[in-house]
Amino acid sequence: MPLSEHEQQLLAQLEKQLHDDDPRFASTMHTEAVRGRGSMRNVVLGVVIAVVGLGVLLAGVATHLIIVGVLGFIVMAAGAYVATVRGRATPGKGAANPGGPGNGPSGRGPSGPRKSSTFLQNLEEKWDKRNQGER
């Protein structure tokens, strides 16, 4: 079900506040969505590796060589791992911090937690208004 215009505006506002409050987390979430193409490649590669492993496993069963069957199983497991693992973030995008190393809550200064609490307070106020309007 598509979002209404009002819900789309609220979502856009939430995204903007997220980028303002925690740009590092927002960029991390953005790179997760962009990495979808890389994960498709991993799935295809993993399936190919798993099929090869299945072939080696069946060859081991057919020749009654346990070591070949075990090796085929290990290759199949590796293929499943490759197919399900997520792609890694590029070091340039996620690691670039304007605050430099040690950029945690202490590196953000006193304004960091205050912005977050203001964001949560806005959400709570909107939730209360919505619930009061429906009753």
In Å and rounded to the nearest 0.5 Å, what is the [atom1] to [atom2] distance from [X] to [Y]?
X	Y	atom1	atom2	answer
H6	L11	NE2	CG	11.5 Å
L71	I66	CG	CD1	13.5 Å
D20	F119	CG	CZ	10.0 Å

- Task: Sequence neighbours left out, what passes side-chain contact (heavy atoms from CB on, under 4.5 Å) with Q13? Give chain and number order.
- Result: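 Q13: side-chain contact (heavy atoms from CB on, under 4.5 Å) contacts with L10, Q17, K126.
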- Query: Which residue, L45, V44, V47, V43, forms the side chain to side chain contact (heavy atoms under 4.5 Å, CB included) with V82?
  - Reply: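 Result for side chain to side chain contact (heavy atoms under 4.5 Å, CB included) with V82: L45.
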- For the residue pair L14 and L123, establish whether any side-chain heavy-atom pair is separated by less than 4.5 Å.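 Sidechains of L123 and L14: in contact.
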Show me the side-chain donor-acceptor pairs of residues 73-80 shorter than 3.5 Å, one per line, residues at least two apart or across chains.
none

- Task: Evaluate whether atom CD of E5 has more than 12 neighbouring non-hydrogen atoms of other residues, nucleotides or ligands under 6.0 angstrom away.
- Result: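 Atom CD in E5 is not packed in, count stays at 12 or less.
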- Nearest non-hydrogen partners of V85 and N42, listed with the distance: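 Closest approach of V85 to N42, heavy atoms only: O-ND2, 3.5 Å.
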